[in-house]
Amino acid sequence: MTTPQFTPRVFSGIQPSGGLTLGNYLGAIKRFVQMQEEGMETVYCMVDLHAVTVWQDPADLAKNTRELAAGFIASGISPEKSILINQSQVPEHAQLGWVFSCVARMGWMQRMTQFKDKAGKNAQNVSLGLFGYPALMAADILIYHATHVPVGEDQKQHLELTRDIATKFNHDYGVDFFPITEPVIEGAATRVMSLRDGSKKMSKSDPSDASRINMTDGADTIAKKIRKAKTDPDALPSEAAGLQDRPEARNLVNIYAALSEQSVDAVLADVGGQQFGAFKPQLAELAVSKLSPISNEMARLMADPGEIDRILAKGAVQAREITAPILAKTYEIMGMVR
Ligand code: TYM
């Protein structure tokens, strides 16, 4: 339950550690735009400090940050309606991140499955930042007293940790200062899967480019990737229950449902009984019709990086009006002499 005294505020972030994928778009950005249009106060962030938990080439980081900003705007995030920032320009994120490193417990962090997946057998050799990452993520959210965080399914555990950190801080200092944030994980595409392997998440870090649709892919590339997407030999079922043990089929139908803003059952009422040879071209056409305007607009915006930088600078000023007082109050609660 959200503590009632907190006014609704939405925060979410995406790492500028590579290009945007269809997974980011359907699982996150599309929802960001809807929440902006619902009239809530919305803050959206390029989390560059998170990206450097693994080494980033400086020129690529700068380019990816601007391209991500262009992706947000091209998808419908309006800098007039939402605060759009890159994390490193709002220093209170990192400052509260340190405080939360002192609140979170080692045992909590060691349970984070995303760290285990990312570090793999290499756990002794990854950065300390990669391990501490979820404490900074909690700070991103709570430095705004955000009450709602739209994300894909893979971020669920990090949001539970955010709630644990808020609860422990409030308890340790005997205050009701940080809200207990609600994850918003909704829709048909909260977990878009790889086009090559229905058991793996679609990800910008997958070595196979054919496994994902990038927001910058052209129409031919999108159509080719969908045509080659792994499927099974059966026809599509007429009801969602028929997709249960068919991860690849389920993924393509989920993508169709999310792009066309219909329920899975509504899609299957139309396409049930079809073979993939008939369904895939329809999916490709739908994907191209939804994504091409976004990638064209991204290219247009990227032609003027100065304008993107001005938008992010303005966002940082607006953001700090919220974050500076919350950090000051946090320090006061903790007994830091001001
Ligand atoms: P990141 O950059 O990996 O992903 C950004 C958003 O996209 C969603 N997403 C997906 N959704 C559905 N299917 C997929 N295949 C898929 N891949 C990615 C993610 O769930 C996410 O919502 N830790 C975060 C960034 C972050 C953040 C935050 C998010 C930092 N601070 C504060 C929310 C609030 C991350 O690495 O997301």
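Order of listing sets the numbers, starting from 1, for every ligand and every atom in it.
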Counting from 1 in the order shown, the ligand 1 atoms closer than 4.0 Å to a non-hydrogen atom of K204 are 2 (O)

Does any N or O in the side chain of R105 come within less than 3.5 Å of the main-chain N or O of C102, such that one atom is a donor and the other an acceptor?
-> yes

Of S205, G23, A189, the one whose closest heavy atom lies nearest atom 11 (N) of ligand 1 is G23

Problem set entry | Whether over 12 other heavy atoms sit under 6.0 Å from Q110 CD | yes

E41 side chain to T7 side chain, donor-acceptor N/O pair below 3.5 angstrom
no

Take a 6.0 Å sphere around NZ of K314 and say whether it holds more than 12 heavy atoms from other residues, nucleotides or ligands. yes

| said: Does this structure show an ion pair linking K225 with D209, if we count only N-O contacts that are shorter than 4.0 Å? | reply: yes

Near R191 (heavy-atom distance under 4.0 Å), the atoms of ligand 1 are 12 (C), 13 (N)

- For K116, look at atom NZ and say whether over 12 heavy atoms of other residues, nucleotides or ligands are found less than 6.0 Å away. yes

Min N/O separation V192 to ligand 1 under 3.5 Å:
yes

To atom 19 (C) of ligand 1, the nearest of D154, I14, V151, V43 on a heavy-atom basis is D154

protein heavy-atom neighbour closest to atom 2 (O) of ligand 1 works out as Q15 N, 2.9 Å

heavy-atom search around atom 23 (N) of ligand 1 in the protein gives Y133 OH, 2.6 Å

If you scan protein heavy atoms around atom 9 (N) of ligand 1, the nearest is N24 ND2, 3.8 Å

Atom 28 (C) of ligand 1: closest protein heavy atom, distance to 0.1 Å, is M137 CG, 3.4 Å

>> Q114 versus ligand 1: do any nitrogen or oxygen atoms come within less than 3.5 Å of each other?
In response: no

If you scan protein heavy atoms around atom 31 (N) of ligand 1, the nearest is D140 OD2, 2.7 Å

Looking only at protein heavy atoms, what sits closest to atom 6 (C) of ligand 1 is A28 CB, 3.6 Å

Is there a polar contact between ligand 1 and V47, counting only N or O atoms under 3.5 Å apart? no

Report task. Flag yes if more than 12 heavy atoms outside D220 fall under 6.0 Å of its CG atom; otherwise flag no. Result -> no

(Q) Just checking Y144 against H93, ring centres under 6.0 Å apart? (A) yes

Side chain to side chain contact (heavy atoms under 4.5 Å, CB included) with L22: of I213, L195, I222, only one passes, and it is I213

among protein heavy atoms, the one nearest atom 25 (C) of ligand 1 is G13 O, 3.6 Å

- prompt: Side-chain heavy atoms under 4.5 angstrom apart, residues restricted to Ile, Leu, Val, Met, Phe, Trp, Tyr: same cluster for I311 and F11?
  reply: no

More than 12 heavy atoms of other groups within 6.0 Å of K204 NZ: yes

For T190, the atoms of ligand 1 under 4.0 Å from one of its heavy atoms are 11 (N), 12 (C), 13 (N)

Discussion item. Assigning hydrophobic clusters by single linkage (Ile, Leu, Val, Met, Phe, Trp, Tyr; side-chain heavy-atom cutoff under 4.5 Å), is L136 placed with Y331?
Written reply: no

Counting from 1 in the order shown, the ligand 1 atoms closer than 4.0 Å to a non-hydrogen atom of G27 are 11 (N), 12 (C)

Note: ligand 1 atoms sitting under 4.0 Å from heavy atoms of I141 are 32 (C), 34 (C)

For this session: Give yes if a backbone or side-chain nitrogen or oxygen of S12 is under 3.5 Å from a nitrogen or oxygen of ligand 1, and no if not.
Result: no

In this structure, atom 32 (C) of ligand 1 is nearest to the protein heavy atom F11 CE2, 3.5 Å

Counting from 1 in the order shown, the ligand 1 atoms closer than 4.0 Å to a non-hydrogen atom of V149 are 33 (C), 34 (C)

